[in-house]
Amino acid sequence: MGCFTFVKVMMILFNCLIFLAGGVLLGVGIWVSVDGTSFVKVIGPISSQAMQFVNIGYFCIVIGAILVILGFLGCCGAQKESKCLLMMFFIIVLIIFIAEIAAAVVALVYSSFAESLLRAWVTPLLKNDYGKKKDVTGIWNTTMTELKCCGFTNYTDFTDSYYFQKNSNTYPPFCCNTTIVCNETEASSSNVQGCFKQLFDILKENAHIVGGIAAGICVLEIAAMAVSMYLYCKIDGKTYG
């Protein structure tokens, strides 16, 4: 088997796996969006704590869709020896790679800015969807129970929220250290930390694991770009040796 043929076969197999993984994520995303509470019960409270701040259902759907598209482009591009599909595959992976690097730089160098961006995204989610949408409520209840935290920053994230208004101007019980009604006075005196700080501490404790996963993903992306570009350059010459 020539070098070109070997690389082509590996490209097809690798992207078939990506396609299947994307399909699984799409299925999980749809499941979580329909019944998030049962999903949390199945996977347990420990898994994917770093993803608890977002709507996991929509997150999985978006990531799954991207993986399905990538798998399709890579597999069909290699199988049909289509330079157009291979170039599209390369460009999408390159965009994802650049976005990841940019996000890492922002998170490391401008951590306070990254926190502000995350807060601007998460706070409206808590105010509008907590207590209303089952998946968001279930995920956040699990997070606040396991991490012993309240909201993103603190209890004030729930002030004037949907939950607050529907529960006689009270806060979730996670925001208070007492068993009585969790009103503003009790929440303020309990001083329960926000989940962002708790999660940040967990990430610092497991920095080597997070860094290893990130490095592995980057290596895979670089390899995928290199292979797709190799096939792209060799197609016209049909060099199979």
Side-chain angles (χ1 to χ4, degrees), residues 6-36 38-40 42-44 46-107 114 117-118 121-122 125 133 135-136 138-139 143 199 203 206 209-233 235:
F6 175 78
V7 172
K8 175 181 173 179
V9 171
M10 290 298 101
M11 181 77 168
I12 293 172
L13 292 177
F14 178 73
N15 282 281
C16 281
L17 292 176
I18 291 179
F19 185 87
L20 291 174
V24 171
L25 275 179
L26 274 175
V28 170
I30 294 172
W31 174 22
V32 174
S33 298
V34 173
D35 188 9
S38 66
F39 175 78
V40 172
V42 170
I43 66 172
I46 304 301
S47 59
S48 302
Q49 289 181 333
M51 295 169 58
Q52 299 284 8
F53 289 125
V54 300
N55 187 320
I56 290 182
Y58 296 139
F59 182 87
C60 288
I61 289 174
V62 171
I63 299 300
I66 292 174
L67 290 179
V68 166
I69 293 172
L70 276 177
F72 174 80
L73 291 175
C75 188
C76 290
Q79 174 64 34
K80 297 181 179 298
E81 298 184 5
S82 170
K83 297 186 73 172
C84 179
L85 293 180
L86 287 172
M87 180 55 68
M88 290 176 63
F89 175 87
F90 177 86
I91 291 173
I92 293 176
V93 175
L94 179 61
I95 291 173
I96 294 173
F97 180 77
I98 293 174
E100 290 172 349
I101 297 299
V105 170
V106 170
L117 287 178
L118 191 57
W121 180 21
V122 174
L125 186 70
K133 296 185 177 181
D135 56 340
V136 175
I139 290 168
T143 301
L199 179 62
L203 291 177
N206 298 278
I209 298 177
V210 176
I213 294 174
I217 292 174
C218 288
V219 169
L220 284 176
E221 289 170 343
I222 293 172
M225 288 188 288
V227 169
S228 63
M229 188 52 59
Y230 171 83
L231 293 176
Y232 178 89
C233 295
I235 283 175

Could you grab the distance from atom CZ of Phe97 to atom CG of Leu220, nearest 0.5 Å is fine?
11.5 Å
Would you indicate whether the side-chain heavy atoms of Val227 and Met10 approach each other to under 4.5 Å?
no
Got a second to check how far Leu94's CG is from Ile222's CD1, nearest 0.5 Å?
10.5 Å
Identify the two heavy atoms, one from Cys75 and one from Ile12, that lie closest to each other, and give their separation to 0.1 Å.
SG-CG2, 3.7 Å
For the student: nearest non-hydrogen atoms of Lys8 and Gln79, plus distance
NZ-O, 3.6 Å
Indicate the atoms forming the closest heavy-atom contact of Ile18 with Leu67, along with that distance.
CG2-O, 3.3 Å
Any idea which heavy atoms bring Leu231 and Ala78 closest together, and the distance?
CD1-CB, 4.1 Å
Rounded to the nearest 0.5 Å, what's the gap from CZ on Phe72 to SG on Cys16? Could you check?
11.5 Å
Heavy-atom closest contact (Gly77 atom, Leu85 atom, distance)
CA-CB, 3.6 Å
Do Met11 and Tyr230 come within less than 4.5 Å of each other through their side chains, counting heavy atoms only?
no
Considering all heavy atoms of both residues, which atom of Leu70 and which atom of Asn15 are nearest to each other, and what is their separation?
O-OD1, 3.5 Å
Apply the test side-chain contact (heavy atoms from CB on, under 4.5 Å) to residues Glu221 and Ile96: give CA-CA distance (whole Å), side-chain angles for both, the deciding distance (0.1 Å), then the verdict.
CA-CA 9 Å; Glu221 289 170 343; Ile96 294 173; 3.6 Å; yes
Does the side chain of Val24 come within less than 4.5 Å of Leu20's, by heavy atoms?
no
Is it the case that more than 12 heavy atoms not belonging to Lys83 sit under 6.0 Å from its NZ atom?
yes
Has Met88 got more than 12 heavy atoms of other residues, nucleotides or ligands less than 6.0 Å from its CE?
no
Rounded to the nearest 0.5 angstrom, the CZ-SG distance for Phe89 and Cys84 is 14.0 Å
